[in-house]
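Just so you know, these numbers come straight off a predicted model, no measurement behind them. Residue numbers count from 1 along this sequence.
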Amino acid sequence: MMSAVVELNQVCQHYGKFQVLHDISWNLQPGEIMGLFGHNGAGKTTTVRLILGLIRHSSGELKVLGGQAHDAKIRQQIGFLPENVMFYPQLTGLETLQHFARLKGAPIGQVEQLLDQVGLTAASGQRVKAYSKGMRQRLGLAQALLGDPKLLIMDEPTVGLDPIATQSLYRLMEKLRNEGTSIIICSHVLPGVESYIDKAVVMARGHLEIVGNLYELREHAGLPVYIRVRGLNGRELAHPAIDSRSQLHDGWEELAVRPDARLEIVGQLLQQQPLDLEVRPPSLEDLYCYYTEKAGAVGVAGVQQ
């Protein structure tokens, strides 16, 4: 088994007497996409700063690409897209990317390829000050991909992107994963990333609440599965695992059922030959809300850490 790309083992972080991370442990394997989620102040930004080598952890063990996060050779293999990208406004898109390629020691020949990849070839000669927010975001993504990083970290990468550009970003993420790149994505747009992550980390108040794939998170949470059915026309359906039954509209009804009985209940419903049937397991957003509420972090506000 290949060694983890990122590995945290009981990592703690203090700022003076204030502790912002409490015994955080998780790992990211090669070719995995991981979602790092949490409310403002949960500890996500501090975790990212540790991985980028911008600060050093107070205690515990942290390894990035098999070495120390602050090592220059390690940092050179990491790409980072911040939430708010900032570039020199007087430079063109092409000049900006060439500048960052020289700083990172990446091949200059990669610049035009990346501009094409993010859809900025036609605008590469324009000054960045004329770019829209979405265009600056795409330029930031191209900057993060310079040097073919082994680890890519993206903070709210879809901010300012239209639906087509957003889908292009997700397709690019899948391509990079298939090529072996490991990706950490921080986002509050949970429905968008749900289909693309292999693993989720949910943090609250500086603690790790849960880590695992969506199936593992659902099994652990035990939240009800919602079955929507149309065409029962009030027919009886009795089962002890049905927690509630609600009338919707246009002949639709919604059943909240315990997850371990969902297949049995679907079978019973199909025997009644309904007009339509939909099964909705707990979404990533449902799970995030569950674990955040469980941690008592609902309504938490403050400086993101």
Side-chain angles (χ1 to χ4, degrees), residues 5-6 28 30-31 33 45 48-55 64-187 196:
V5 173
V6 180
L28 176 68
I33 299 178
T45 301
V48 168
R49 288 172 179 166
L50 289 172
I51 296 170
L52 291 172
L54 301 177
I55 57 176
V64 179
L65 295 168
Q68 299 300 312
H70 57 268
D71 187 326
K73 292 182 179 179
I74 296 296
R75 294 171 70 176
Q76 196 172 24
Q77 301 176 67
I78 301 174
F80 177 53
L81 173 63
E83 179 178 0
N84 298 304
V85 293
M86 300 289 290
F87 297 114
Y88 300 111
Q90 298 300 327
L91 294 182
T92 66
L94 177 63
E95 291 168 341
T96 298
L97 216 54
Q98 290 173 334
H99 170 69
F100 280 100
R102 286 190 288 268
L103 287 177
K104 197 170 184 179
I108 295 295
Q110 191 183 21
V111 167
E112 292 188 4
Q113 173 192 345
L114 286 173
L115 286 169
D116 180 63
Q117 196 167 22
V118 300
L120 286 178
T121 297
S124 63
Q126 297 178 21
R127 292 185 178 183
V128 173
K129 67 178 182 180
Y131 279 19
S132 67
K133 182 174 177 57
M135 293 170 71
R136 291 195 301 271
Q137 194 75 357
R138 283 186 277 160
L139 184 61
L141 176 60
Q143 173 272 138
L145 294 174
L146 284 166
D148 299 317
K150 294 180 180 178
L151 171 63
L152 178 62
I153 303 175
M154 299 189 290
D155 189 3
E156 299 292 354
T158 61
V159 170
L161 298 184
D162 61 44
I164 294 176
T166 297
Q167 288 304 311
S168 295
L169 170 67
Y170 289 141
R171 287 195 296 271
L172 176 59
M173 283 170 48
E174 288 188 310
K175 177 178 180 291
L176 293 169
R177 172 176 58 189
N178 293 337
E179 293 171 353
T181 302
S182 299
I183 300 172
I184 297 174
I185 179 170
C186 301
S187 178
Y196 299 94

> Roughly how far, to the nearest 0.5 Å, is CD of Gln76 from CG of Asp71?
Replying inline: 10.0 Å
>> I'd like to know if the side chain of Gln137 reaches the main chain of Val85, judged simply by a donor and an acceptor atom lying under 3.5 Å from each other, with no hydrogens or angles considered.
In response: no
>> I need the minimum non-hydrogen distance between Thr92 and Ser124, along with the two atoms involved.
In response: CB-O, 3.4 Å
> So how far is it from Ile51 CD1 to Ile78 CD1, rounded to the nearest 0.5 Å?
Replying inline: 8.0 Å
>> Suppose we call two aromatic rings close when their centres sit under 6.0 Å apart. Are His99 and Phe87 close by that rule?
In response: no
> Do Val159 and Lys133 have side-chain heavy atoms sitting under 4.5 Å apart?
Replying inline: yes
> Does CD1 in Ile164 sit with more than 12 non-hydrogen atoms of other residues, nucleotides or ligands closer than 6.0 Å?
Replying inline: no
> Hey, what do you get for CD (Gln113) to CG (Leu146), rounding to the nearest 0.5 Å?
Replying inline: 10.5 Å
>> What I want to check is whether the side chains of Gln110 and Asp148 have a donor and an acceptor closer together than 3.5 Å.
In response: yes
> So which heavy atom on Ile33 is nearest to which on Ile185, and how close?
Replying inline: CG2-CG2, 4.3 Å
> Can you tell me how far the OG atom of Ser182 sits from the CG atom of Leu176, to the nearest 0.5 Å?
Replying inline: 10.5 Å
>> Determine whether Gln68 and Ile74 satisfy the following criterion, side chain to side chain contact (heavy atoms under 4.5 Å, CB included), listing intermediate values before the conclusion.
In response: CA-CA 7 Å; Gln68 299 300 312; Ile74 296 296; 5.9 Å; no
>> Does the plane of the ring in Tyr196 sit parallel, tilted or perpendicular to the ring in Tyr170? Use 30° and 60° as the thresholds.
In response: parallel
> Can you name the nearest heavy-atom pair linking Ala69 to Leu50, along with the distance?
Replying inline: CB-O, 3.3 Å
> So do Asp155 and Val48 actually touch side chain to side chain, heavy atoms under 4.5 Å?
Replying inline: no
> Just by distance, do the side chain of Arg138 and the backbone of Gly119 share a donor-acceptor pair under 3.5 Å?
Replying inline: yes
>> Could you tell me if the side chain of Gln117 sits less than 4.5 Å from the side chain of Leu172, heavy atoms only?
In response: yes
>> Keeping Thr158 on the side-chain end and Leu161 on the backbone end, is there a donor-acceptor pair under 3.5 Å?
In response: no
> Which heavy-atom pair separates Gln143 from Phe100 by the least distance, and what is that distance?
Replying inline: CG-CG, 3.8 Å
> Closest approach of Leu115 and Gly93, non-hydrogen atoms and distance?
Replying inline: CD2-O, 4.5 Å
> Where is the tightest heavy-atom contact between Tyr131 and Leu139, given as atom of each residue plus distance?
Replying inline: CE2-CD2, 4.1 Å
> How about Met154 and Ile184: do any of their side-chain heavy atoms sit closer than 4.5 Å?
Replying inline: no
> So how far is it from Glu83 CD to Cys186 SG, rounded to the nearest 0.5 Å?
Replying inline: 9.5 Å
> Of Leu94, Asp116, Leu114, which meets side chain to side chain contact (heavy atoms under 4.5 Å, CB included) against Thr121?
Replying inline: Asp116
> Going by an N to O cut-off under 4.0 Å, is there a salt bridge joining Arg177 and Glu174?
Replying inline: yes
> Any side-chain heavy-atom pair from Pro149 and Gln77 closer than 4.5 angstrom?
Replying inline: no
> Of Leu28, Leu151, Leu52, Val5, which meets side chain to side chain contact (heavy atoms under 4.5 Å, CB included) against Val64?
Replying inline: Leu151
> In Å and rounded to the nearest 0.5 Å, what is the NZ to OG1 distance from Lys150 to Thr181?
Replying inline: 10.0 Å
> Do other residues, nucleotides or ligands put more than 12 heavy atoms under 6.0 Å from the NZ atom of Lys104?
Replying inline: yes
